[in-house]
Each structure stands twice: as structure tokens, then as C-alpha cells.
Amino acid sequence: VQTAIGVAHSKLILIGEHAVVHGQPAISLPFPLVGVEAIIDYVPGSVKIDSTFYHGPIDSAPDALNGLTSCIKATLEKLDMPCEDLLIRIKSSIPPGKGLGSSASVAIAVIRSLFTYAEEDYTMEQILELAAISERHAHGEPSGIDTLTISSECPIWYKKEEPFDLIEPHGDFHFIVADSGRMGDTRMAVESVSKLIKSAPKRIQSKLERIGELTHRARNALETASKHLLGQLLNEAQKELEALGVSDAGLNRLIYFARQEGALGAKLTGGGNGGCVIALAQNEMHSKQLCEKLKKIGAHAVWSFSLKKKPNQ
Ligand code: PMV
């Protein structure tokens, strides 16, 4: 093969972020409205990357790309391919640092493209194992939820060290995602929560457990078409995330505005302290209206998408 393409969509965490790092469950959703395409071409010489951030040989890539370059090298080794004669072009529509799993999507698109280039089939386990190399650089102590959701087409119920579960929503849920414009740093946010646990173990542990409990109830709400209940649970989770110090003024402004404009619930999504919010609209029409209003008050980007029950349900 002279050219090969690999793609990956992005992801959203509906509920359970941060608590999931400490053993609680989380629910995440594949987010197909933005994604990554990686294109491999045979080009003699060293392995080169062509992306918005960097263009050049992988061995001279900036430190920020260490995760990706280690992941590329490990994938080539797994495929028994020499580390040469490749140009890897990366095109992404995922805004980085916004809790949408940009780093994991890039890694997964690149891994898929390398397997396709080598004309090798891959399993989900292989992809997750290789993508974890990249995520450890990006996040420090990633729970694994990002890579899993990016490799899945269905909402995921995830708990560390346990087999994951697919969730089948009953009923239609209309969500809005709005970008606060500020880049978050998931690694720092995760570390700040770990520090809090050390300083006040009982108090913080109970908050994480509370998020876990809300996440269990949110699964039930998704599976029983309970929109209003799901909205309330998202709001409750936001309260706990604020208490953990991972929400900021930009996120709070969008969250409170969305609620004031009739959203059934709204919270941050992903690492927080920058990044995006997710809001649950009343219906499809309300979702479109809310998008327009959020744009008007300064959201950098807004997406509306639906989780729909399968036609045979
Ligand atoms: O990559 P982000 O910013 O979407 O956040 C990942 C979610 C966290 O729970 C904060 C971290 C993790 O590894 O699960």
C-alpha cells in the first residue's frame, strides 16, 4: 500500500469525570461532529509528521508531541516495520485542550492508519494498548475512558479495572456542547484533585462517591428516557465538580446561562478549568435555539447533537 487513511471521532464525558480517575464509574459519549484523519504516504527518508503544530522528522518533534511520537514508534515496532520512509499527515477538527479527547483521537487515527498501511487487521485491545502510550504522556494518570470512547460507536459505562459496558439510551436526548474558549490542562486538573484528596481525604472522597452515585442514576435515566431527571443529575454533578475546583468562571457563565435559558441540565465536560460545557436541551428545536444564544454570548464554538433510541426500541 502506498497511501493509507485512519480516522477517529472525538468524545464527551456526560458525567463522572475526575471521579473516574479514583475508581468511580463514568458515562461517556462518542462525539462524531469533530474528528481526526491521519494519512500515511510512502516518502523516502525518516518518518515525518505533517500537522498544524509541527512539520518535520519525528526525532526532532517538540516535547509536546512526545506521547504521539512514542506511540508511532511502538506501533511500527508492533507491526515489524522499520521507522523510516513514511509521511504521516494529521488533519484534526477537534479543538485541543477542550475536553474532547483530541490527543487520544490523534493517536487512534494514526495507529489505525499505520495498521492499514501495513495491511494488518487490528483489534480494539491493540488500539487501546498503543493509544495508552500517548495518553500517559498527555494526562499523567489517565483513566482510559478517552481512548475507549473514541474507539466505540456507542455510549460507554466505564469503571477502571472493570470490563466496560455499552449503554443503550431509551428515548431521544438533545445535547449542546459549547466551547468556553479557554484551553484546559487535564493533567493539571487531575493533579489538583489528587492534592485535594491528600489534604482532606474524607471530605473529597465523599464528593467523588457522590459523583459515582449520580452517575449510576444517570445511567438509569438514560435507559428509562427520563430527560428531566438526567438534567437534574448533570446539575448536581456540576455542583460537586465546582467544589473540587475544576470549573472556572468561563465554564460557569455558559452553564448558568444555558440553565437560565431552559436547559434541563448543564455541566462542564472533561478535565475542566477551561474547555467545554455540555447541556441537555428540552427538545431538538430548543437545542438549536440554545446554540444560537450561546454563540451570541460568546461561546467560541457550539455543536448540537442527539442521542437517539434505536429504531427497533
Ligand atoms: O481528556 P479530558 O479533558 O476530556 O478529560 C478526561 C477525564 C478525566 O476524568 C478528567 C481524566 C481521565 O483520565 O479520566
Side-chain angles (χ1 to χ4, degrees), residues 10-31 94-105 135 138-150 152 155-162 164-165 167 175-180 182-197 204-219 221-222 230-231 233-248 250-252 254-255 265-280 307:
S10 71
K11 74 99 209 352
L12 294 167
I13 295 183
L14 178 64
I15 188 165
E17 52 272 269
H18 287 291
V20 71
V21 175
H22 304 281
Q24 297 297 327
I27 298 173
S28 57
L29 313 173
F31 184 45
I94 308 176
K98 301 292 173 66
L100 302 181
S102 148
S103 58
S105 294
E135 285 301 272
H139 282 192
E141 196 201 338
S143 64
I145 193 169
D146 281 22
T147 48
L148 186 61
T149 317
I150 287 160
S152 163
I156 298 249
W157 173 263
Y158 179 80
K159 204 169 168 192
K160 252 172 148 180
E161 322 287 345
E162 281 186 16
F164 68 92
D165 220 0
I167 299 181
F175 292 103
I176 295 116
V177 178
D179 179 353
S180 71
R182 183 182 157 206
M183 275 182 72
D185 183 331
T186 300
R187 190 185 184 117
M188 263 174 62
V190 168
E191 280 170 10
S192 73
V193 173
S194 297
K195 270 192 203 138
L196 275 187
I197 297 176
I204 302 303
Q205 207 55 50
S206 85
K207 298 208 168 298
L208 299 173
E209 278 164 21
R210 169 87 179 126
I211 296 178
E213 180 198 320
L214 294 167
T215 304
H216 275 276
R217 292 174 60 200
R219 176 177 189 162
L222 280 173
L230 181 64
L233 297 168
L234 299 183
N235 289 344
E236 290 287 316
Q238 173 62 20
K239 216 187 277 171
E240 302 303 336
L241 290 165
E242 283 175 27
L244 293 176
V246 292
S247 200
D248 66 7
L251 292 168
N252 291 347
L254 296 179
I255 289 166
K267 62 181 275 295
L268 67 85
T269 178
N273 283 340
C276 292
V277 308
I278 183 165
L280 178 61
L307 271 188

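Contact detail for P25 and V20: the closest heavy-atom pair is C-CG2, 4.5 Å. Smallest separation of non-hydrogen atoms from A189 and G271: CB-O, 3.4 Å. Of all heavy-atom pairs spanning S247 and N252, the tightest one is OG-OD1, 2.7 Å. Scanning all heavy atoms of the two residues, the minimum distance from I211 to G16 falls at CG2-CA, 3.8 Å. Between P155 and L29, the closest heavy-atom pair is CB-CD2, 3.8 Å. Closest approach of A243 and L196 over heavy atoms only: O-CD1, 4.5 Å.
The ring pair (Phe, Tyr, Trp, His ring centres under 6.0 Å) check on Y158 picks up nothing, with sequence neighbours excluded. Residues satisfying the side chain to side chain donor-acceptor pair (under 3.5 Å) criterion with N273, sequence neighbours excluded, are absent altogether. For S10, the side chain to side chain contact (heavy atoms under 4.5 Å, CB included) partners at least two apart in sequence or on another chain are F31, V34, I94, L100, S105. Looking at residues two or more places apart in sequence or on another chain, you find a side chain to side chain donor-acceptor pair (under 3.5 Å) between S28 and T149. The side chain to side chain donor-acceptor pair (under 3.5 Å) test applied to D248 returns R182, not counting sequence neighbours.
Remark: side-chain polar atoms of S180 are not paired, donor with acceptor, to backbone N or O of G274 under 3.5 angstrom. In this structure, the side chain of E240 does not engage the main chain of L208 through any donor-acceptor pair within 3.5 Å. With hydrogens and angles ignored, the 3.5 Å screen pairs no side-chain donor or acceptor of K11 with any backbone N or O of T147. Without hydrogens or angle criteria, N235 side chain to A266 main chain gives a donor-acceptor distance under 3.5 Å.
Between E191 and K195 there is no salt bridge, since no side-chain nitrogen of the basic residue lies less than 4.0 Å from a carboxylate oxygen of the acidic one.
Using a 4.5 Å heavy-atom threshold, the side chains of L14 and L234 count as touching. Inter-residue side-chain proximity for Q205 and I197 is flagged as met; some heavy-atom pair is nearer than 4.5 Å.
Exactly one residue among I156, L222, L12, I13 makes a side chain to side chain contact (heavy atoms under 4.5 Å, CB included) with I27. That residue is L222.
For the atom pair L233 CG and L280 CG, the distance stands at 10.5 Å (nearest 0.5 Å). In this structure, OG1 in T215 is found 10.0 Å from CZ in R210, a value given to the nearest 0.5 Å. Atom-to-atom distance recorded for S143:OG and E161:CD is 10.5 Å, nearest 0.5 angstrom.
Within the structure, side-chain hydrogen bond (donor to acceptor under 3.5 Å, both in side chains) contacts touching residues 14-27 (residues at least two apart or in different chains) are E17-K267.
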> Do K239 and E242 pass the salt bridge (charged side-chain N to carboxylate O under 4.0 Å, His left out) test, and can you show the C-alpha distance, the side-chain angles, and the key distance before you say yes or no?
Replying inline: CA-CA 5 Å; K239 216 187 277 171; E242 283 175 27; over 6 Å; no
